[in-house]
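A short write-up of the structure that comes next.
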Amino acid sequence: MTQQAAALQTYNNELVKCIEELCSKREELNRQIKQEEEEKELLQHDIRILSEKLSRVNESLAQRLAARATFDRTIAETEAAYTKILESSQSLLSVLKQEAGNLSKATEPRRKEH
């Protein structure tokens, strides 16, 4: 029976050793899990911060794009109006020159015909 008791003691020692190893591996796994959970929290925090920043940038960008569109429209309208003013000035100058020419002819002394 001593051999059986010795065998039982050996099995018991090995069983305890295996349980201790499993507990040690579990503790290491728990440490890794805790570390990754902390990293996950940090990343989620960073994502929230970046999402808020992205939202602000998108809002600002939309306002700036709208302002640029207003500038573009105002510039185009002003250039079109200025072009019409130039065309009208050119027409007015042409008419004025023609009238001045007509007035000059009308006010010239007449030559006597012999």
Run the side-chain donor-acceptor check on residues 80-90: report pairs under 3.5 Å with partners two or more places apart or on a different chain.
unit_1 : atom_1 : unit_2 : atom_2 : d
T83    : OG1    : E79    : O      : 2.8
S88    : OG     : K84    : O      : 3.0
S89    : OG     : I85    : O      : 2.9

Interatomic distance, CG@N30 vs CD@E37, rounded to 0.5 Å, equals 9.0 Å
Any side-chain heavy atom of R48 within less than 4.5 Å of one from H45?
-> yes
Hey, mind stepping through R56 and E52 against side chain to side chain contact (heavy atoms under 4.5 Å, CB included) and telling me if it holds?
-> CA-CA 6 Å; R56 286 191 303 270; E52 290 170 5; 3.9 Å; yes
Atom pairs and distances, donor-acceptor, side-chain atoms in residues 3-19, under 3.5 Å, two or more places apart:
unit_1 : atom_1 : unit_2 : atom_2 : d
Q9     : NE2    : N13    : OD1    : 3.2
T10    : OG1    : A6     : O      : 2.9
N13    : ND2    : Q9     : O      : 3.4

Salt-bridge criterion met for E28 and R31 (N-O under 4.0 Å) = yes
Straight-line distance of L54 CG to I49 CD1, nearest 0.5 Å | 13.0 Å
How many angstroms lie between atom CD of E36 and atom CG of L43, to the nearest 0.5 angstrom?
-> 10.5 Å
Is there a donor-acceptor pair under 3.5 Å between the side chain of S51 and the backbone N or O of I47?
-> yes
